[in-house]
Amino acid sequence: MRVIVADDAVLLREGLIRLLTESGHEVVAAVGDGDALVEAVVTHRPDVSVVDVRMPPSHTDEGLRAAVEARRRVPRTPVLVLSQYVEVSYADDLLATTGGAGGGIGYLLKDRVAAIDEFLDALNRVAAGGTVLDPEVIGQLLVRRRRDDPLTALTPREREVLALMAEGRSNTAIARALVISDGAVEKHVRNIFTKLDLPPDATTHHRRVLAVLTHLRA
């Protein structure tokens, strides 16, 4: 794949470049600020970009805002955002850029980079148009649920399936994780779409994204 790396921390940036290169990918640009990221995405149209949330000048959310702008300038460009800490609002902002139309997006804690196979798998899923969310983000979303949670109509098993969907898992991967059949997962997914009142005329992929957005905002 052709990859852009955006991180102002030189050691991490160089480490990512080496990891990606040794894994057979081509790093077409390596930048250290948000403006350079947007310019690089517009110029190179990469298969995926790996972006740190916090970059100069304020080291708050410049990387995230640059990723959102890059997706505005180059719709559906895949972006995997890395963060030192769990910030649920960041994941929510990034998912909002899908507009229900898909396009690879991911939000992982930087610790996941140390688990090389897990990180590369997430990168591949995002590049392929999937949605990948760190399990710790999912956990915090579950903690902050409100009483008017639109997911209250879901059964405990359907909630488990939806949480795994939000991590970017395929139906087959969900079946393996829950030790149930692919057919059972498909049934649960259909029930989730129905109970969340998602539009029946949307494609299956789009409905999955809409279901994840509902999950995040609940």
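In this text, all values refer to a predicted model and were calculated from it rather than measured experimentally.
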Taking every non-hydrogen atom, the tightest pair across Ala127 and Met1 = CB-SD, 3.2 Å

Whether Asp121 side chain and Asp117 backbone form a donor-acceptor pair below 3.5 Å | no

Are Leu178 and Arg157 close enough that some pair of their side-chain heavy atoms sits under 4.5 Å apart?
-> yes

Straight-line distance of Lys195 NZ to His188 NE2, nearest 0.5 Å | 9.5 Å

Taking every heavy atom of Val51 against every heavy atom of Gly63, the minimum-distance pair comes out as CG1-O, 3.6 Å

What heavy-atom pair brings Pro56 and Asp8 nearest, and what distance separates the two atoms?
-> CD-CB, 3.6 Å

Please report the shortest heavy-atom distance between Phe193 and Met165, naming the atom on each side.
-> CE2-CE, 4.3 Å

Report the residues that fulfil side chain to side chain contact (heavy atoms under 4.5 Å, CB included) with Pro75, sequence neighbours left out, ordered by chain and then residue number.
-> none

Arg112 side chain to Asp134 backbone, donor-acceptor under 3.5 Å = no

Do the non-hydrogen side-chain atoms of Asn171 and Asp182 ever get within less than 4.5 Å of each other?
-> no

Is His44 close to Val74 at the side-chain level, that is, under 4.5 Å between some pair of heavy atoms?
-> no

Give the minimum heavy-atom separation between Arg2 and Pro46, together with the two atoms involved.
-> O-CB, 3.5 Å

Using the side chain to side chain contact (heavy atoms under 4.5 Å, CB included) rule, take Glu118 and Leu108 through it: C-alpha gap first, then chi angles, then the decisive distance, then the call.
-> CA-CA 10 Å; Glu118 182 179 343; Leu108 289 181; 5.7 Å; no

Under the side chain to side chain contact (heavy atoms under 4.5 Å, CB included) rule, collect the residues that match up with Asp35, sequence neighbours excluded.
-> Asp33

Verdict with supporting geometry, Leu20 and Leu123, side chain to side chain contact (heavy atoms under 4.5 Å, CB included) | CA-CA 10 Å; Leu20 292 167; Leu123 190 70; 3.4 Å; yes

With no hydrogens and no angle check, is any side-chain donor or acceptor of Arg125 less than 3.5 Å from a backbone partner on Ser170?
-> no

Inter-residue atom distance Thr21.OG1 - Arg18.CZ, 0.5 Å rounding | 10.0 Å

Within a reach of under 6.0 Å around CD of Glu158, are more than 12 heavy atoms found that belong to other residues, nucleotides or ligands?
-> yes

Output for pair (Glu69 CD, Leu64 CG), nearest 0.5 Å, gives 12.0 Å

Indicate yes or no: does Asp52 engage Arg13 in a salt bridge with an N to O separation below 4.0 Å.
-> no

Steps toward side chain to side chain contact (heavy atoms under 4.5 Å, CB included) verdict (Val28, Ile4) | CA-CA 6 Å; Val28 295; Ile4 288 175; 3.7 Å; yes

Under 3.5 Å donor-acceptor, Glu62 side chain and Thr60 backbone | yes

For residues Val79 and Ala67, report the shortest heavy-atom separation together with the two atoms involved.
-> CG1-CB, 3.8 Å

Hey, what do you get for CD1 (Ile105) to CZ (Arg76), rounding to the nearest 0.5 Å?
-> 10.5 Å

Is there a side chain to side chain contact (heavy atoms under 4.5 Å, CB included) between Arg72 and Val68 once you walk through the steps?
-> CA-CA 6 Å; Arg72 187 188 70 80; Val68 171; 5.8 Å; no

To the nearest 0.5 Å, how far apart are CZ in Arg159 and CD1 in Ile192?
-> 10.5 Å

Is the shortest heavy-atom distance from the side chain of Leu82 to the side chain of Asp7 under 4.5 Å?
-> no

Got a second to check how far Arg45's CZ is from Arg73's CZ, nearest 0.5 Å?
-> 9.0 Å

